[in-house]
Amino acid sequence: MPGRHVGTAVLRMARDRARLRALPGLRFAKLLGTGDGETFTVRDVTPRRWGLLATWASAQDAAGFDDSAVSRSWSRISTERWWAELRPLASRGRWSGRQPFGDPRPVRHDGPVAALTRARIAPRKAVTFWRAVPPVSADLHEVDGLRLAIGVGEAPVGLQGTFSVWDSAAALREFAHRRPAHQVAVRRTTEERWYAEELFARFAVVAAHGTVDGREPVALTGPTPQGR
């Protein structure tokens with residue numbers, strides 16, 4: 001969105017939580033700020049980009065969101081939008097004490113996949129966590145098969161995560177399990193207990209529309225929501 005609408009976006013982040021809860025079929029929703037994910041501190045914040053993560057009771061309920069007052073109000077202040085329809089392939093952990101994606105049985109998927117990581121950082125562990133982030137972030141962009149990576153969070157500090165899209169599950173596994181920087185971070189997560197709560201989920205990208213920074217991360221067509 002244009003810089004002149006950033007203040008409006010901040011106000012809507014507070015106001016729209018209640019409006020989202022009133023939508024039919026909505027099971028779980030988080031309005032998210034975004035960042036470049038380089039350090040997971042306030043230096044990363046990208047104030048002109050905002051996101052919504054939502055799970056729905058049915059495809060019909062999800063499709064109806066685009067006609068809602070919440071969606072229309074964000075469209076009026078936006079110059080670019082991108083959305084993806086995702087199907088959970090695997091999920092472990094909790095978000096705000098809940099399992100928003102259920103407990104799917106891991107299955108094989110051929111095609112683009114998305115990964116979501118989310119954590120509530122234990123306050124007394126924040127400094128050591130922040131120091132560990134830059135090597136992993138730098139290495140992420142060296143991996144083949146990455147289409148999109150955005151830092152996401154419910155707050156600029158302490159409630160943070162990443163959303164990424166990959167060519168395939170194999171490309172995601174290469175980064176998650178074979179890159180030394182990420183392996184070290186995973187080991188330290190357990191040893192140092194950085195997180196008070198965490199969630200890791202993997203999804204099949206079923207459909208996607210729109211652009212991010214003028215680029216289409218995934219060219220998968222499906223039913224196009226009205227107004228996109």
Side-chain angles (χ1 to χ4, degrees), residues 1 6 8-37 40-42 44-59 61-66 68-75 77-78 80-104 113-123 129 148-165 194-206 208 210 212 217 225:
M1 61 189 59
V6 169
T8 301
V10 172
L11 292 174
R12 287 182 181 170
M13 288 287 286
R15 183 190 64 183
D16 285 349
R17 288 182 174 88
R19 297 206 298 171
L20 281 169
R21 288 193 292 268
L23 294 179
L26 185 72
R27 290 182 168 176
F28 183 87
K30 291 292 181 180
L31 286 159
L32 302 168
T34 74
D36 58 26
F40 282 135
T41 67
V42 293
D44 292 353
V45 172
T46 306
R48 292 179 55 200
R49 178 181 293 132
W50 304 83
L52 169 68
L53 170 72
T55 66
W56 303 89
S58 69
D61 290 326
F65 170 72
D66 216 57
S68 70
V70 175
S71 179
R72 292 196 303 268
S73 69
W74 283 91
S75 291
I77 63 172
S78 301
E80 184 181 55
R81 294 182 71 180
W82 180 79
W83 75 271
E85 178 186 345
L86 308 174
R87 174 168 51 85
L89 297 173
S91 180
R92 63 180 177 87
R94 293 181 178 272
W95 192 333
S96 299
R98 298 175 60 185
Q99 292 179 293
F101 314 114
D103 186 20
V113 298
L116 176 71
T117 68
R118 181 268 176 186
R120 177 160 52 89
I121 303 167
F129 170 78
L148 175 69
I150 297 175
V152 296
E154 300 151 86
V157 175
L159 297 170
Q160 295 154 310
T162 60
F163 176 77
S164 56
V165 180
W194 280 331
Y195 307 142
E197 184 183 59
E198 58 186 316
L199 180 142
F200 302 90
R202 179 167 49 91
F203 308 86
V205 182
V206 177
V212 179

Nearest 0.5 angstrom please: [X] [atom1] to [Y] [atom2], how far?
X    : Y    : atom1 : atom2 : answer
E197 : R118 : CD    : CZ    : 4.5 Å
F163 : L148 : CZ    : CG    : 6.5 Å
L32  : L52  : CG    : CG    : 7.5 Å

Can you check whether [X] reaches [Y] side chain to side chain, under 4.5 Å on heavy atoms?
X   : Y    : result
L20 : F65  : yes
L26 : R21  : no
L86 : V205 : yes
L53 : L116 : yes

R19: partners by salt bridge (charged side-chain N to carboxylate O under 4.0 Å, His left out), with sequence neighbours left out:
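With neighbours one apart ignored, the set is D16.
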Ignoring hydrogens, what is the shortest heavy-atom contact between [X] and [Y]? Give both atom names and the distance.
X    : Y   : answer
L23  : S68 : CD2-CB, 3.8 Å
P217 : W82 : CD-NE1, 3.6 Å
S78  : M1  : CA-CB, 4.3 Å

For residues 94-101, dump all side-chain donor-acceptor pairs below 3.5 Å to protein atoms at least two apart in sequence or in another chain.
| residue | atom | partner | partner atom | Å |
| --- | --- | --- | --- | --- |
| R94 | NH1 | G97 | O | 3.1 |
| W95 | NE1 | E154 | OE1 | 3.4 |
| W95 | NE1 | E154 | OE2 | 3.0 |
| S96 | OG | K30 | NZ | 3.0 |
| R98 | NH1 | R27 | O | 3.4 |
| R98 | NH2 | R27 | O | 2.7 |

Run the side-chain hydrogen bond (donor to acceptor under 3.5 Å, both in side chains) test against R12 and tell me which residues pass, sequence neighbours left out.
none
